[in-house]
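All chains are named by letter (A, B, ...) in the order of the sequence lines, taking the proteins before the strands, and each is independently numbered beginning at 1.
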Number of protein chains: 2
Amino acid sequence: MDRFAALGDPTRRAIVGLLSQADRRAGDIAAHFDATPPAISQHLKVLRDASLVRVERRGRERIYSLDPDGLAAMEAWIGETRRVWNGRLDALKTVLDQEERQ
Amino acid sequence: MDRFAALGDPTRRAIVGLLSQADRRAGDIAAHFDATPPAISQHLKVLRDASLVRVERRGRERIYSLDPDGLAAMEAWIGETRRVWNGRLDALKTVLDQEERQ
DNA sequence: AATATATTTAAGCGATAATTTAATTAAGTC
DNA sequence: GACTTAATTAAATTATCGCTTAAATATATT
């Protein structure tokens with residue numbers, strides 16, 4: 001599942017939101033939702049595979065943290081897409097300006 | 001389906017990419033993919049519902065164009081999430097700096 | 001060593017999504 | 001008005017997703 005699909009699920013987006021505020025143990029993340037720990041664990045795996053979060057083992061706990069690189073990559077795709085679109089607008093504007101001057 | 005889920009599908013992301021370059025007729029969009037026109041038509045509906053693209057009727061053709069507002073909203077969510085994360089980093093840095101000075 | 005705690009992995013199931021073929025709608029063309 | 005073209009909508013099928021319960025793994029506690 002790619003990054004965008006990973007963030008397509010509202011629960012996973014909420015998890016990313018939580019981790020933007022603070023690193024958290026898997027259990028603490030699960031406690032924020034109605035779903036069972038296994039369900040959240042599976043969401044975390046999706047986010048890991050998408051490089052949106054990282055884990056670190058500490059004893060029997062696992063501390064999850066945000067991986068901003070994954071988010072940056074998504075932001076870059078969106079930004080680039082919008083940049084190309086804006087570029088078209090600018091090109092159109094240039095044409096109109098030139099016609100105006102004739 | 002929310003915006004992120006809409007862009008979760010690679011075909012739909014490719015459609016958005018095409019429309020960032022130029023407005024296109026539904027049929028021309030479909031021609032870029034292996035899938036059948038009905039499949040693409042349904043993808044276009046998902047993108048429309050997510051306010052990522054717009055349609056304009058012209059005779060029996062439908063011209064699709066990018067709706068940058070939808071992309072902007074996504075970029076804003078990502079940006080805000082990263083901003084919060086960066087804020088944490090800055091806060092940590094401040095604490096360390098203060099400890100250094102003691 | 002036995003037991004408890006934290007988390008993940010496995011297996012199965014219902015819901016949703018993506019795709020296909022067939023039918024429909026609507027606008028041009030002869 | 002019949003026919004073609006452009007695109008969508010409907011119906012059916014297959015694939016994928018997210019969830020649950022049960023089992024497994026690994027660390028800590030007594």
Item checked: 4.5 Å side-chain heavy-atom contact, B:L47 and B:D67 -> no
Margin query: Below the 4.0 Å mark, does D:dC17 have OP1 or OP2 next to a side-chain nitrogen or oxygen of A:H43?
Written below: no
Notebook entry, point to check: Going only through I, L, V, M, F, W and Y residues with side-chain contacts under 4.5 Å, is there a path from B:M1 to A:M1?
Noted result: no
Margin query: Whole angstroms only, please: what is the CE-C1' distance between A:M1 and D:dA15?
Written below: 13 Å
Short N/O separations, protein against nucleotides 21-30 of chain C, under 3.5 angstrom:
none

Next item on the list: Please state how far atom CG in A:D2 lies from atom P in C:dA17, giving the value in whole angstrom units.
Entry: 16 Å
Margin query: Just the rounded figure in Å: distance from C1' of D:dC17 to CG of A:L7.
Written below: 16 Å
Note to self: Are the side chains of B:L52 and B:M74 in contact, using a 4.5 Å heavy-atom criterion?
What the structure shows: yes
Notebook entry, point to check: Given the rule in the side chain to side chain contact (heavy atoms under 4.5 Å, CB included) test, do A:V84 and A:E80 qualify, once you have shown the distances and angles that lead to the verdict?
Noted result: CA-CA 6 Å; A:V84 170; A:E80 173 64 13; 3.7 Å; yes
Check: What do the steps show when you test B:F33 against B:I15 for side chain to side chain contact (heavy atoms under 4.5 Å, CB included), and what is the final call?
Finding: CA-CA 9 Å; B:F33 302 94; B:I15 291 173; 3.8 Å; yes
Notebook entry, point to check: What distance do A:R82 atom CZ and B:L66 atom CG have between them, rounded to the nearest 0.5 Å?
Noted result: 9.5 Å
Check: Just to confirm, is there a sub-4.0 Å distance from OP1 or OP2 of C:dT8 to any side-chain nitrogen or oxygen of A:Y64?
Finding: yes
Check: Side chains of B:D2 and A:R13: does their closest heavy-atom pair fall under 4.5 Å?
Finding: yes
Checklist line | Between C:dT20 (C1') and B:F33 (CZ): distance, integer Å | finding: 18 Å
Check: Starting at CD of A:E61 and ending at C1' of C:dT5, how long is that distance when rounded to a whole Å?
Finding: 10 Å
Note to self: I want to confirm an ordering. Mapping A:L44 and B:D34 to their closest nucleotides on DNA chain C, which one lands closer to the 5' end?
What the structure shows: A:L44
Check: What is the distance from CG of B:L47 to C1' of C:dA17, rounded to the nearest Å?
Finding: 14 Å
Next item on the list: Measure the distance from NZ on B:K45 to C1' on C:dT19 and round it to the nearest whole Å.
Entry: 17 Å
Next item on the list: Check the distance between D:dA6's P and B:R24's CZ and give it to me in whole angstrom.
Entry: 17 Å
